[in-house]
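Okay, structure first, notes after.
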Amino acid sequence: MNQERLMKVLLGPHITEKASVAAETNQQIVFKVATDANKTEIKKAVELLFEVEVDSVQVANVKGKRKRFGAIQGRRSGYKKAYVQLKAGSEIDFTSAAE
C-alpha cells in the first residue's frame, strides 16, 4: 500500500464517553477514518503513524442525522469510525502533550 494513502486514512481520534469506556474495558482506541478505507488500511496506518502493534480492527458506518430548519429538511453528513484494539504492551496517549 502507498504510504501517501495511509497518511490520509486516519482523520483524527473520536473522543466521546463511549470511546473512553471502550478504551478502559477493551483497550480499544476510536478513530474517525476515511469512508473508503478498509480494515487492513486502517491497521497499517495506525501502525505506521503511532509505531504500535494492532491486534484487531472493527469499523462502523455512522449515518448522518436528519435535521429540520423550519420548513427546510436537511441531513448531516455521515462518517466512518474504527475501533482499533492494540496488542498487550502497546499504548497510545492523546492526553499528554507531544514533545
Side-chain angles (χ1 to χ4, degrees):
M1 274 174 232
N2 191 354
Q3 276 200 350
E4 185 178 334
R5 166 66 181 158
L6 293 178
M7 294 298 230
K8 294 180 181 178
V9 169
L10 297 179
L11 302 179
H14 188 69
I15 301 172
T16 60
E17 285 185 43
K18 185 176 179 181
S20 62
V21 169
E24 291 172 5
T25 58
N26 301 329
Q27 289 74 38
Q28 290 180 328
I29 298 169
V30 185
F31 293 99
K32 276 191 178 180
V33 296
T35 54
D36 60 343
N38 58 32
K39 289 182 180 185
T40 56
E41 287 178 334
I42 295 166
K43 179 179 179 177
K44 289 184 180 185
V46 171
E47 289 176 346
L48 175 71
L49 290 174
F50 298 105
E51 298 173 356
V52 293
E53 292 186 40
V54 175
D55 190 28
S56 65
V57 177
Q58 295 173 320
V59 294
N61 286 314
V62 180
K63 291 185 179 181
K65 292 182 178 180
R66 293 179 180 261
K67 292 291 180 179
R68 278 184 76 117
F69 303 101
I72 300 169
Q73 290 186 343
R75 186 181 184 102
R76 290 185 183 168
S77 58
Y79 60 94
K80 189 178 216 178
K81 63 182 176 178
Y83 291 85
V84 177
Q85 186 167 8
L86 302 177
K87 288 190 178 179
S90 298
E91 185 177 336
I92 299 174
D93 189 15
F94 294 114
T95 58
S96 65
E99 294 181 25

Practice problem: Hey, could you give me the CD1/CD1 distance between Ile92 and Ile29, rounded to the nearest 0.5 Å? | Solution: 4.0 Å

Exercise. Provide the full list of side-chain hydrogen bond (donor to acceptor under 3.5 Å, both in side chains) pairs with a residue in residues 4-13, sequence neighbours left out, each pair given once.
Key: Arg5-Asp36, Arg5-Glu41

Quiz item: Which pairs with one or both residues in residues 47-59 pass salt bridge (charged side-chain N to carboxylate O under 4.0 Å, His left out), sequence neighbours excluded?
Solution: Glu53-Lys87

Exercise. List in chain and number order the residues that pass side-chain contact (heavy atoms from CB on, under 4.5 Å) with Thr16, two or more places apart in sequence or in another chain; answer none if no residue qualifies.
Key: His14, Lys18, Ala19

Quiz item: Considering all heavy atoms of both residues, which atom of Lys80 and which atom of Thr35 are nearest to each other, and what is their separation?
Solution: NZ-O, 3.6 Å

Quiz item: Among all residues two or more places apart in sequence or in another chain, which pass the side-chain contact (heavy atoms from CB on, under 4.5 Å) test with Arg66?
Solution: Arg75

Quiz item: Residues sharing Val62's hydrophobic cluster, by side-chain heavy-atom contacts under 4.5 Å among ILVMFWY, directly or via others?
Solution: Tyr79

Quiz item: Should Leu49 and Val52 be regarded as members of a common hydrophobic cluster, given that ILVMFWY residues are connected when their side-chain heavy atoms come within less than 4.5 Å of each other, either directly or indirectly?
Solution: yes

Self-check item: Heavy-atom closest pair, residues Leu48 and Gln3
Solution: CD1-NE2, 3.8 Å

Quiz item: Hey, are the side chains of Leu10 and Phe50 touching, using non-hydrogen atoms and a 4.5 Å cut-off?
Solution: yes

Practice problem: With sequence neighbours left out, write down each residue that passes side-chain contact (heavy atoms from CB on, under 4.5 Å) with Thr40, or none if nothing qualifies. | Solution: Met1, Asn38

Practice problem: Please say whether more than 12 non-hydrogen atoms of neighbouring residues, nucleotides or ligands are located less than 6.0 Å from NZ in Lys81. | Solution: yes

Quiz item: Where is the tightest heavy-atom contact between Gln85 and Asn26, given as atom of each residue plus distance?
Solution: NE2-O, 3.3 Å

Self-check item: ring pair (Phe, Tyr, Trp, His ring centres under 6.0 Å) pairs, two or more places apart, involving residues 56-77
Solution: none

Quiz item: Val46 and Met7: same hydrophobic cluster, using ILVMFWY side-chain contacts below 4.5 Å?
Solution: yes

Quiz item: With a 4.5 Å heavy-atom cut-off, do Val33 and Leu11 have their side chains touching?
Solution: no

Practice problem: Calculate, to the nearest 0.5 Å, the distance between atoms OG and CD belonging to Ser56 and Gln28 respectively. | Solution: 6.5 Å

Quiz item: Any side-chain heavy atom of Ile42 within less than 4.5 Å of one from Phe31?
Solution: no

Self-check item: Set of side chain to side chain donor-acceptor pair (under 3.5 Å) partners for Lys43, sequence neighbours left out
Solution: none

Quiz item: Partners of Arg76 by side-chain contact (heavy atoms from CB on, under 4.5 Å), sequence neighbours excluded?
Solution: Lys65, Lys67

